[in-house]
Asks: 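I am attaching a structure below and will ask some questions about it afterwards.
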Amino acid sequence: MHIQHIGIIGAGQMGSGIAQICASAGLDVTLRDVSDEALQRALSVISSGLDRAVKSGKINAEQKAGIIGRIRTSTEIGALASSDFIIEAATEQLELKQRILKETEAVVKSSAIIASNTSSVSITKLGASLTSPERFVGMHFFNPVPVMSLVEVIRGIRTSDSTSDTTRMLAEKIGKTPISVRNSPGFVVNRILVPMINEAVFVLQDGLATAEEIDAGMKLGANHPIGPLALADLIGLDTCLTVMEVFYRDFNDPKYRPAPLLREMVDAGTLGRKTGSGFYQYV
């Protein structure tokens, strides 16, 4: 299957990053969100990221202009109609994703593949909301998208071989390394990573060490490039909490109980880098 036009739903941190790497690979991109403000913020973030690439000599100004020129924006779902491949990158809420996927399937061509960038929601469950679940797949990118090389390709129970194979080829085309993953809450990386972050929050909550000391311990003692609490701030504490709630519900295992401090910080609106404060201050 020839893929040239990528539709991306959601202009947040993940959606804007996916748009940037797809356009950088020479693909045409339509970025869709519900507000013009979100779309303008996304274009600003993409432009800033490309400016850094120009400054470092990875691309030149002409290449930057070409990348930006390949990204169109729209608030209308119908703008995705000509897309060959659609990537949904909305908030980690099952009902919201199901509604978006149904709306998308109603307007895109029958040959288009529909993927979700979900980090925790069942691909089988999301696929069941579509009339053609065989063309639905999970395509989980990692943050920050332009930097992180991994993509998890997750098959639902009804995902076809051709859909999975095409998704892997697309991942490689945009410079990523795909791994094939069986559908399960959190898939592979987040199944390991987010409970570790949650445990770090328990350690902080219990007063065993400061946030700085916990992160230093994992960087110096486990050779991690970033500490778990700083990583939580980068991911977003609300996203970490949502993933843990999915694990707690779907596995029905108390080891996945979200740390009360994590829940309290989300309730307070201190979500990490995107709000200026989390376990650390960013203002």
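Residue numbers start at 1 and run along the sequence shown.
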Asks: Ignoring hydrogens and angles, tell me if any N or O in the side chain of R135 forms a donor-acceptor pair with the backbone of A112 under 3.5 Å.
Replies: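 Pair found, side chain donor or acceptor close to backbone of A112.
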Asks: Applying the 4.5 Å side-chain criterion to the ILVMFWY set and letting contacts propagate, would I9 and L101 be lumped into a single cluster?
Replies: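 As far as the 4.5 Å side-chain criterion goes, L101 and I9 are connected within one cluster.
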Asks: Is the shortest heavy-atom distance from the side chain of I6 to the side chain of I174 under 4.5 Å?
Replies: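 Side chain of I6 against side chain of I174, heavy atoms only: no contact under 4.5 Å found.
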Asks: Considering all heavy atoms of both residues, which atom of I71 and which atom of A23 are nearest to each other, and what is their separation?
Replies: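 Closest pair (atom of I71, atom of A23, distance): CG1-CB, 3.7 Å.
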Asks: In Å and rounded to the nearest 0.5 Å, what is the CG to CG distance from L204 to L229?
Replies: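 L204 atom CG to L229 atom CG measures 6.0 Å (nearest 0.5 Å).
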Asks: Please round to the nearest 0.5 Å and tell me the distance separating atom NE2 of H2 and atom OG of S111.
Replies: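 That separation rounds to 11.5 Å.
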Asks: When you measure from the side chain of K176 to the backbone N and O of V145, does any donor-acceptor pair fall under 3.5 Å?
Replies: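 Flag set: sc K176 to bb V145 pair under 3.5 Å.
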Asks: Do side-chain atoms of E103 reach the backbone of I100 as a donor and acceptor pair under 3.5 angstrom?
Replies: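 The answer is no, because no donor-acceptor pair under 3.5 Å joins these two groups.
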Asks: Looking only at heavy atoms, what is the nearest atom pair of A11 and A42, with distance?
Replies: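 Minimum heavy-atom separation between A11 and A42: O-CB, 3.4 Å.
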Asks: How would you list all residue pairs meeting side-chain hydrogen bond (donor to acceptor under 3.5 Å, both in side chains) that involve residues 38-47, not counting sequence neighbours?
Replies: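 For residues 38-47, and leaving out neighbouring residues, the side-chain hydrogen bond (donor to acceptor under 3.5 Å, both in side chains) pairs sorted by first residue read S47-K64.
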Asks: With a 4.0 Å cut-off on N to O distance, would you call D161 and R155 a salt bridge?
Replies: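 Between R155 and D161 there is a salt bridge, with a charged N closer than 4.0 Å to a carboxylate O.
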Asks: Ignoring hydrogens and geometry, is there a side-chain-to-backbone donor-acceptor pair from D215 to A230 under 3.5 Å?
Replies: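 Looks like yes, one N/O pair under 3.5 Å.
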Asks: Take atom NZ of K58 as the centre, draw a 6.0 Å sphere, and report whether it contains more than 12 heavy atoms from other residues, nucleotides or ligands.
Replies: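 No, because the 6.0 Å sphere around NZ of K58 holds 12 heavy atoms or fewer from other groups.
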Asks: Check S116 against K97 and note the closest heavy-atom contact, atom names and distance.
Replies: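 The pair with the smallest heavy-atom distance is OG-NZ, 4.0 Å.
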Asks: Looking at T163 and T159, would you say the former's side chain and the latter's main chain have a donor-acceptor pair under 3.5 Å?
Replies: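 Absent.
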Asks: What residues form a side-chain contact (heavy atoms from CB on, under 4.5 Å) with D206, not counting sequence neighbours?
Replies: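 Partners of D206 by the side-chain contact (heavy atoms from CB on, under 4.5 Å) criterion, ordered by chain and then number, come out as L208.
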Asks: Around atom CD of E264, are there more than 12 heavy atoms of other residues, nucleotides or ligands at under 6.0 Å?
Replies: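 Not buried by this count: 12 neighbours or fewer within 6.0 Å.
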Asks: Roughly how far, to the nearest 0.5 Å, is the NE2 atom of H5 from the CG atom of L27?
Replies: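 Going from the CG atom of L27 to the NE2 atom of H5 covers 10.0 Å.
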Asks: For residues 111-158, pull every pair meeting ring-ring contact (aromatic ring centres under 6.0 Å, His included), keeping only residues two or more places apart or in separate chains.
Replies: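 Qualifying pairs, neighbours excluded: H140-F142.
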Asks: Linking I/L/V/M/F/W/Y whenever any side-chain heavy atoms sit under 4.5 Å apart, do I68 and V54 land together?
Replies: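 As far as the 4.5 Å side-chain criterion goes, V54 and I68 are connected within one cluster.
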Asks: What do you reckon, is NZ of K109 surrounded by more than 12 foreign heavy atoms closer than 6.0 Å?
Replies: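 For K109, atom NZ is crowded (more than 12 foreign heavy atoms under 6.0 Å).
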Asks: Can you confirm whether V153 sits close enough to S164 that some side-chain heavy atom of one is under 4.5 Å from a side-chain heavy atom of the other?
Replies: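 Yes, their side chains come closer than 4.5 Å.
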Asks: Considering residues, nucleotides and ligands other than R182, do more than 12 of their heavy atoms fall under 6.0 Å from its CZ?
Replies: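 Result for CZ/R182: open.
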Asks: Using modelled atom types only, decide if a donor and an acceptor are shared between the side chain of S74 and the backbone of E76 within a distance under 3.5 Å.
Replies: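 Yes, because the side chain of S74 sits within donor-acceptor range (under 3.5 Å) of the backbone of E76.
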Asks: So, taking the atom named CD1 in I67 and the one named CD in E62, what distance separates them when rounded to the nearest 0.5 Å?
Replies: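 Rounded to the nearest 0.5 Å, the CD1-CD separation comes to 11.0 Å.
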Asks: Using modelled atom types only, decide if a donor and an acceptor are shared between the side chain of T270 and the backbone of M265 within a distance under 3.5 Å.
Replies: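 Confirmed, T270 side chain pairs with M265 backbone.
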Asks: Are more than 12 heavy atoms, taken from residues, nucleotides or ligands other than L96, located less than 6.0 Å from that residue's CG atom?
Replies: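 Yes, CG of L96 has more than 12 neighbouring heavy atoms, counting only those of other groups under 6.0 Å.
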Asks: Can you find a pair of side-chain heavy atoms, one from Q98 and one from L126, that are under 4.5 Å apart?
Replies: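 Sidechains of L126 and Q98: in contact.
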Asks: Name the atoms and distances for all side-chain donor-acceptor pairs under 3.5 Å in residues 183-191, with sequence neighbours left out.
Replies:
residue	atom	partner	partner atom	Å
N183	OD1	I123	N	2.9
N183	ND2	S122	OG	3.1
N183	ND2	T124	OG1	3.4
N190	ND2	S119	O	3.3
R191	NE	Y256	OH	3.3

Asks: Name all residues meeting the side-chain contact (heavy atoms from CB on, under 4.5 Å) criterion together with E213; count only those two or more places apart in sequence or in a different chain, and write none if there are none.
Replies: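 Partners of E213 under the side-chain contact (heavy atoms from CB on, under 4.5 Å) test: A209, T210.
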Asks: Minimum heavy-atom separation for L80 to V108, with atom names?
Replies: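 Closest pair (atom of L80, atom of V108, distance): O-CG1, 3.7 Å.
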Asks: Do E88 and T104 have a side chain donor and acceptor closer than 3.5 Å?
Replies: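 No, T104 and E88 have no side-chain donor paired with an acceptor closer than 3.5 Å.
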Asks: Kindly say whether I154 contributes a backbone atom to a donor-acceptor pair with the side chain of E152 at under 3.5 angstrom?
Replies: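 Side chain of E152 to backbone of I154, a donor-acceptor pair under 3.5 Å: no, none is there.
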Asks: Y248, L262: one ILVMFWY side-chain cluster at the under-4.5 Å cut-off?
Replies: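 In one cluster with Y248: L262, no.
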Asks: What heavy-atom pair brings F202 and A259 nearest, and what distance separates the two atoms?
Replies: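 Heavy atoms only, the tightest pair is CZ-CA, 3.5 Å.
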Asks: Let me confirm one number: the CD-CG distance from Q20 to L31, rounded to the nearest 0.5 Å.
Replies: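 Between atom CD of Q20 and atom CG of L31 there are 11.5 Å.
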Asks: Assigning hydrophobic clusters by single linkage (Ile, Leu, Val, Met, Phe, Trp, Tyr; side-chain heavy-atom cutoff under 4.5 Å), is I46 placed with I59?
Replies: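 Yes: a chain of side-chain contacts under 4.5 Å links I46 to I59.
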Asks: OG1/T177 to CZ/R168 distance, rounded to the nearest 0.5 angstrom?
Replies: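 Separation between the atoms: 9.5 Å.
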Asks: Is there a donor-acceptor contact under 3.5 Å from the side chain of E105 to the main chain of S132?
Replies: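 Between the backbone of S132 and the side chain of E105 there is a qualifying donor-acceptor contact (under 3.5 Å).
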Asks: Taking S160 for the side chain and E134 for the main chain, is one N or O donor matched with an acceptor at less than 3.5 Å?
Replies: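 Checking the backbone N and O of E134 against the side chain of S160, a donor-acceptor pair under 3.5 Å is found.
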Asks: May I ask you to check whether over 12 heavy atoms, not counting those of N223, lie within 6.0 Å of atom CG?
Replies: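 Counting other residues, nucleotides and ligands, CG of N223 stays at 12 neighbours or fewer.
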Asks: Determine, step by step, whether R99 and Q93 satisfy the side chain to side chain contact (heavy atoms under 4.5 Å, CB included) criterion, reporting the C-alpha distance in whole Å, the side-chain angles of both residues, the deciding distance to 0.1 Å, and the verdict.
Replies: CA-CA 10 Å; R99 177 174 58 78; Q93 296 177 9; over 6 Å; no
Asks: Check for me, please, whether I226 and L193 land in the same ILVMFWY cluster - side-chain distances under 4.5 Å, paths through other members count.
Replies: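 As far as the 4.5 Å side-chain criterion goes, L193 and I226 are connected within one cluster.
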Asks: Hydrogens and angles aside, do R72 and T30 bring a side-chain donor and acceptor to less than 3.5 Å of each other?
Replies: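 Looking only at side-chain atoms, T30 and R72 do form a donor-acceptor pair, the distance falling under 3.5 Å.
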Asks: Below 3.5 Å, can you tabulate the donor-acceptor pairs from side chains in residues 231-242 to any protein atom, sequence neighbours excluded?
Replies:
residue	atom	partner	partner atom	Å
D233	OD1	F279	N	3.0
D233	OD2	F279	N	3.1
D233	OD2	Y280	N	3.0
D233	OD2	Y282	OH	2.7
D238	OD1	K274	NZ	2.9
D238	OD2	K274	NZ	3.0
T242	OG1	D238	O	2.9

Asks: If you compare all heavy atoms of N117 against all heavy atoms of I87, which two are closest, and at what distance to 0.1 Å?
Replies: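 Scanning both residues, the minimum pair turns out to be CB-CG2, 4.3 Å.
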